[in-house]
Amino acid sequence: MRRHPALEPFSRDHNTGLILARALTEGRPDADQQFREAWTRELADHFAEEERLLGPLCTEVQFARLIEEHRQIERLGDRLPETMRLLGEALDAHIRWEERFFFPAIEATASEEQLVQLMRATDVVEERRWANEPNRERLVRRRREQR
Ligand SMILES: [Fe+2]
Ligand SMILES: [Fe+2]
């Protein structure tokens with residue numbers, strides 16, 4: 001099933017997150033530096049916005065898992081480079097849970113009005129990414145014309 005446009009900005013971040021997770025799991029020499037840069041550029045914002053925007057749309061159990069996994073990834077990131085492989089695995093597993101279970105659950109339970117409001121908010125998150133990613137800006141502008 002295609003991702004609802006309201007969740008697409010988070011899913012686009014997940015594409016780069018999976019590449020980063022692989023670099024960490026494979027223990028590439030610059031992977032810890034890549035993680036720190038990604039944390040500042042995108043990841044801390046991504047986690048905070050998922051918690052703020054998706055918290056009200058999900059169950060307590062889902063929210064507890066979201067928070068716990070975000071904190072776990074942050075803690076592992078603080079202990080780099082020793083934690084590199086564990087961090088890669090945790091990041092990969094977290095993204096896969098969100099894509100396979102968490103986002104589909106929100107798409108299935110949120111009302112159309114909630115999704116429209118969410119889309120307005122995640123459009124703002126999306127645009128914060130463009131300063132660092134001109135290709136992404138071009139892609140998303142094209143997509144929006146087709147909405
Ligand atoms: Fe997350
Ligand atoms: Fe995410």
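Indexing begins at 1, ligand by ligand and atom by atom, following the structure's order. This one's a predicted model, so the numbers in the text were calculated from it and none came from an experiment.
None of the N, O or S atoms belonging to H94 lies under 2.8 Å away from the Fe ion (ligand 2). In summary, E98 places an N/O/S atom under 2.8 Å from the Fe ion (ligand 2), meeting the contact criterion. Within the 2.8 Å limit, H46 places no N, O or S atom next to the Fe ion (ligand 1).
A side-chain donor from one of S11 and E99 sits under 3.5 Å from a side-chain acceptor of the other. Side-chain atoms of H70 and E74 include no donor-acceptor pair closer than 3.5 Å. In the model, H94 has no side-chain atom that pairs as donor or acceptor with a side-chain atom of Q72 under 3.5 Å. E8 and H4 share no donor-acceptor pair across their side chains, judged by distance under 3.5 Å alone.
The Fe ion (ligand 2) lies closest to atom OE2 when only the N/O/S atoms of E50 are considered. The N, O or S atom of H14 lying closest to the Fe ion (ligand 2) is NE2.
Not less than 6.0 angstrom separates the ring centroid of W97 from the ring centroid of F103.
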